[in-house]
Novice: 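Got a structure for you, written out below as structure tokens; questions coming shortly.
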Amino acid sequence: MDIKVPTMAEMAANGQKPDVLFWVGCSGSFDQRAQRITRAFVKILNHLNIKYAVLGTEESCTGDPAKRAGNEFVYQMLAMQNIEVMNNYGVQEIVTTCPHCFNILKNEYPALGGKYRVRHHAQYLQELIDQGKIKLTDATSFKGKRITYHDSCYLGRANEIYEAPRKVLELLDAELVEMKSCKTKGLCCGAGGAQMFKEEEHGKLRINEARTLEALEVQPDIVASACPFCNTMLTDGVKGKDMQVSVKVFDIAELIAQGQGLDGF
Amino acid sequence: MVLTVIQSLCFILFVGGCGYIAFRGFRNVYLNIMLGRSADYTDHPGERWKTMLMVALGQKKMFKRPVAAMLHLVIYVSFVITQVELIEIFIDGVFGTHRIIFHAWEHILVLRGLYVFAINLIEVLSVLTFIVTVAFLYRRDMLKLPRFNKPEMKGWPNMDAHIILFLEMFLITNIFIMNSFDMAAAHGEYGFWISGMIAHNWEGLNEGLIEVFEKIGWWGHLAGVFGFLMYLAHSKHLHILLAFPNTYFSRLTPKGYINNMPEVTREVKLMLDPNAQVEPAASDAPAKFGAKDIFDLTWKNLLDAYTCTECGRCTAQCPANMTGKLLSPRKIMMDTRDRMEEVREKMDANKGVWVDDGKNLIENGYISVEELRACTTCNACVEECPVNISPLDIIMQLRRSLIMEDSNSPNEWNGMFANLENNGAPWQFSPQDRLNWEKA
């Protein structure tokens with residue numbers, strides 16, 4: 001089933017302006033697993049009749065992996081192109097499902113002329129929940145399930161957002177359990193700093209393996225994340241331990257969409 | 001009388017000599033820090049004072065590990081309060097008096113009581129500190145706490161840690177020698193509880209001998225204090241002083257923030273539009289991208305390096321280190337400091353002028369490329385540091401130099417950069433396919 005997604009260009013052509021730009025990010029656009037997160041989030045937006053739009057083909061990488069690898073040139077080129085596109089549309093509000101996009105848009109774009117109010121979808125969903133707009137029709141489907149939340153470094157330590165994703169998960173009728181390392185001590189999934197795009201250095205084990213072991217220790221049914229890269233790393237980790245049948249890795253948006261009875265899984 | 005004058009002269013010469021040597025050490029630390037690039041960390045003074053009070057004075061971040069924090073607090077409080085006794089030692093030393101504060105308040109019983117209370121407090125804290133010091137040695141050498149036994153701690157750093165702990169025991173021992181023999185000499189007049197108990201053991205000793213031992217304790221304590229002061233600039237223990245400025249000059253931006261390089265902004269603007277209005281470069285020298293050596297780092301990075309007391313909390317939380325990679329954030333700080341020391345030694349040998357020695361901070365026995373590559377920029381090290389040091393800030397600047405100066409990059413990253421430039425995505429997908437996710 002195709003979903004209807006308005007683009008900034010279409011809206012501008014109709015003389016309209018959305019309330020919020022949904023910044024999809026490269027992972028959410030191209031990675032097959034992350035596309036499902038994007039679709040889940042858009043289903044929630046559509047369901048709530050939120051006036052949003054995406055940039056579609058006009059969106060580029062924010063430049064985060066280039067910058068963190070040390071290539072400031074490629075980062076700034078991408079950043080300036082993105083800022084030009086967004087400023088031309090008069091963008092003021094952004095929501096994104098990727099903590100890396102969130103961090104760089106919020107913290108590093110302003111000095112290059114890109115000043116927006118940026119929220120991560122964990123914050124955005126929490127606001128919608130607080131406003132009473134998200135009501136779960138299917139929350140009971142999580143009854144008796146154990147969910148453990150994995151903190152993304154770029155949401156947690158980088159921007160001190162620890163509570164919003166947990167508040168979102170509280171909406172589900174599930175048992176929330178914390179891993180040994182959580183919140184400020186949360187263990188990285190191994191993808192940040194452009195590690196996603198290269199082999200790991202030689203070591204005893206992979207970082208995603210170490211984190212997966214911590215997650216499996218609390219015997220969860222679901223490992224929840226709020227970052228498409230963490231999701232990939234943990235999904236791989238769970239598969240590596242042959243636990244993919246009993247332990248599922250989901251984004252918080254997928255869980256909320258599921259709880260709202262918006263299918264697609 | 002003559003003896004008193006000689007003693008005062010000895011004291012003044014000793015203190016002056018040691019003070020001068022200590023001053024030279026601290027001056028070198030200051031000069032080394034000033035070798036760094038300029039950077040502004042003076043905005044929001046109110047928030048800075050607050051950070052310093054909470055993190056340095058209040059040791060807020062230490063309490064993430066409550067047991068270690070309590071043990072550390074004992075030494076810290078004891079160190080600060082013991083300085084009260086040092087004031088008296090100074091006055092006695094210069095004027096050849098004895099327990100001047102106690103005797104000066106002969107008729108003001110409230111103040112004398114306060115003095116006796118202070119010394120008693122020092123004695124109680126000293127006993128506690130002695131116990132804690134033994135516990136710290138036990139933790140380091142018997143329990144072999146992993147963070148104290150990483151490869152970068154072998155040799156001098158391990159010796160350094162032991163010297164400090166033994167110096168602390170030496171200081172405390174001398175306090176009790178001094179106070180207990182004083183109690184014995186004055187037949188308990190001072191009313192110090194703990195040294196009073198020890199003094200019972202000296203009963204029956206020759207009075208002259210008691211006086212000699214009291215002097216040994218007095219001079220021993222003084223020697224310990226000044227030995228410590230002279231040693232400080234060469235040890236990892238500088239944090240007792242530098243924790244304060246280092247937390248005042250904290251990075252107040254969110255931890256996820258990494259600065260945009262203005263020299264790159266200028267070039268990118270000109271690349272996108274040759275007629276763009278850009279601010280002229282700060283100097284005519286060709287811009288250097290990122291950092292290769294200590295001179296390219298900021299003074300704050302260098303202050304960070306001197307503030308590091310090698311506790312290893314950063315390394316213990318580093319995901320790369322945890323999974324057996326070479327990277328250790330603590331080693332980044334130690335290498336930065338070692339390179340500064342090397343540079344200073346070479347400058348001193350060359351009348352204070354720096355001549356390029358063909359070395360720098362990357363490789364050359366310092367930070368390896370493999371270490372730099374292993375960082376996930378997760379900020380665990382930054383979060384963990386009890387004195388707000390950022391190893392990540394140094395790692396990022398060195399990474400920039402590798403990529404932008406040396407084109408030293410893993411092949412996979414080269415591919416990613418090419419994809420980003422050509423397709424606007426790190427993978428080889430066409431930008432036209434960006435909205436394909438809406439199709440089921």
Side-chain angles (χ1 to χ4, degrees), chain A residues 1-5 7 24 26 28-30 35 38-39 42 54 56-57 59-61 63 65-74 76-78 80 103 107-108 111-112 153-154 157-160 184-185 187-188 190-195 197-207 209-210, chain B residues 64 253-261 264-265 267-269 271-272 289-290 317 319-320 322-327 370 373-380 382-383 396 399-404 409-410 412-413 415-417 420-421 424-427 429 431-440:
Chain A
M1 183 186 73
D2 286 7
I3 18 178
K4 184 71 208 104
V5 186
T7 65
V24 182
C26 299
S29 301
F30 295 119
Q35 284 177 343
T38 312
R39 288 168 64 87
V42 156
V54 299
T57 56
E59 187 186 286
S60 280
C61 173
K67 181 172 181 123
R68 264 77 193 162
N71 198 332
E72 184 80 4
F73 274 101
V74 170
Q76 288 206 14
M77 267 174 4
L78 291 164
M80 284 190 209
N103 176 70
N107 294 324
E108 290 156 24
L112 296 175
C153 305
Y154 274 80
R157 279 185 294 268
N159 291 292
E160 291 177 17
T184 58
K185 284 192 180 290
L187 177 59
C188 176
Q195 298 294 342
F197 305 100
K198 73 176 216 349
E199 253 317 304
E200 269 187 50
E201 273 55 42
H202 175 73
K204 287 199 293 276
L205 74 169
R206 290 170 180 277
I207 296 174
E209 217 179 323
Chain B
K64 287 183 165 202
T253 46
K255 289 190 190 68
Y257 170 80
I258 296 173
N259 74 314
N260 298 307
M261 296 169 69
V264 171
T265 309
E267 297 212 10
V268 171
K269 274 189 180 160
M271 204 153 35
L272 295 173
F289 300 110
Q317 287 294 317
M322 249 186 244
T323 53
K325 276 90 184 173
L326 274 186
L327 174 64
E370 187 177 339
R373 283 286 150 66
C375 176
T376 69
T377 68
C378 78
N379 265 305
V382 183
E383 175 75 40
M396 272 310 304
R399 269 191 176 185
R400 283 171 169 172
S401 173
L402 283 182
I403 300 286
M404 292 189 285
S409 164
E412 302 111 299
W413 274 3
M416 172 189 74
F417 297 148
L420 286 173
E421 287 187 73
W427 302 288
F429 290 111
Q432 293 312 312
D433 293 339
R434 250 195 197 265
L435 212 47
N436 285 2
W437 55 267
E438 64 176 351
K439 302 188 189 85

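What's counted below: heavy atoms across the whole structure, side chains too, no hydrogens, waters or symmetry copies. Proteins get letters first, then strands, A, B, ... in listed order; numbering begins at 1 in each. Bear in mind the structure is a predicted one, so any value in this text is a computation, not a measurement.
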Novice: Could you check whether any side-chain N or O of Gln432(B) sits under 3.5 Å from a backbone N or O of Thr57(A), counting only pairs where one atom can act as donor and the other as acceptor?
Specialist: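 A pair under 3.5 Å: no.
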Novice: What is the distance from atom CE of Met77(A) to atom CE of Met271(B), rounded to the nearest 0.5 Å?
Specialist: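 It comes to 5.0 Å.
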Novice: Assign the ring pair Phe30(A) / Phe429(B) to parallel, tilted or perpendicular, where the plane angle (0 to 90°) is split at 30° and 60°.
Specialist: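 Taking Phe429(B) first and then Phe30(A), their aromatic rings lie parallel (interplane angle under 30°).
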Novice: To the nearest 0.5 Å, how far apart are CZ in Arg68(A) and CZ in Arg399(B)?
Specialist: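 One gets 10.0 Å once the value is rounded to the nearest 0.5 Å.
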Novice: Measure distances from Met416(B) to the heavy atoms of chain A and classify the residue's part below 4.5 Å as side chain, backbone, both or neither.
Specialist: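 When you check distances to chain A, only side chain atoms of Met416(B) fall under 4.5 Å.
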Novice: Any side-chain to backbone donor/acceptor pair from Lys325(B) onto Leu205(A)? Under 3.5 Å, distance only.
Specialist: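 Confirmed, Lys325(B) side chain pairs with Leu205(A) backbone.
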Novice: Rounded to the nearest 0.5 Å, what separates atom CD in Glu200(A) from atom OG1 in Thr323(B)?
Specialist: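 It is 6.0 Å, given to the nearest 0.5 Å.
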Novice: Sort out for me which of Ala194(A), Ala191(A), Gly190(A) touches chain B most, counting heavy-atom pairs under 4.5 Å.
Specialist: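 The residue among Ala194(A), Ala191(A), Gly190(A) with the greatest pair count is Ala194(A).
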Novice: Find the distance between CD (Gln317(B)) and SG (Cys188(A)) and round it off to the nearest 0.5 Å.
Specialist: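 Atom-to-atom, Gln317(B):CD and Cys188(A):SG are 12.0 Å apart.
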Novice: Would you sort out whether Trp437(B) and Val42(A) count as a side chain to side chain contact (heavy atoms under 4.5 Å, CB included), showing the intermediate values?
Specialist: CA-CA 11 Å; Trp437(B) 55 267; Val42(A) 156; 3.6 Å; yes
Novice: Is the shortest distance from a Lys or Arg side-chain nitrogen in Glu383(B) or Lys185(A) to a carboxylate oxygen in the other one below 4.0 Å?
Specialist: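 No.
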Novice: Checking Glu267(B) side chain against Phe73(A) main chain: does a donor-acceptor pair fall under 3.5 Å?
Specialist: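 Not confirmed, Glu267(B) side chain does not pair with Phe73(A) backbone.
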Novice: Would you sort out whether Gln76(A) and Asn260(B) count as a side chain to side chain contact (heavy atoms under 4.5 Å, CB included), showing the intermediate values?
Specialist: CA-CA 8 Å; Gln76(A) 288 206 14; Asn260(B) 298 307; 3.7 Å; yes
Novice: To the nearest 0.5 angstrom, please state how far the CD atom of Glu438(B) sits from the CD atom of Gln35(A).
Specialist: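 Answer for the CD-CD pair, Glu438(B) versus Gln35(A), is 11.0 Å.
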Novice: Ignoring hydrogens and geometry, is there a side-chain-to-backbone donor-acceptor pair from Asn379(B) to Arg157(A) under 3.5 Å?
Specialist: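 Judged by distance alone, no pair lies under 3.5 Å.
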Novice: Taking Arg373(B)'s backbone N and O only, do any of them form a donor-acceptor pair with Gln195(A)'s side chain (distance below 3.5 Å, no angle check)?
Specialist: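 Yes.
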Novice: Give, as side chain, backbone, both or neither, the part of Trp427(B) having an atom under 4.5 angstrom from any heavy atom of chain A.
Specialist: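 Side chain of Trp427(B) only, per the 4.5 Å heavy-atom cut-off to chain A.
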Novice: Which is it for Arg400(B) and Lys67(A) under the side chain to side chain contact (heavy atoms under 4.5 Å, CB included) test, yes or no, and what are the steps along the way?
Specialist: CA-CA 8 Å; Arg400(B) 283 171 169 172; Lys67(A) 181 172 181 123; 3.9 Å; yes
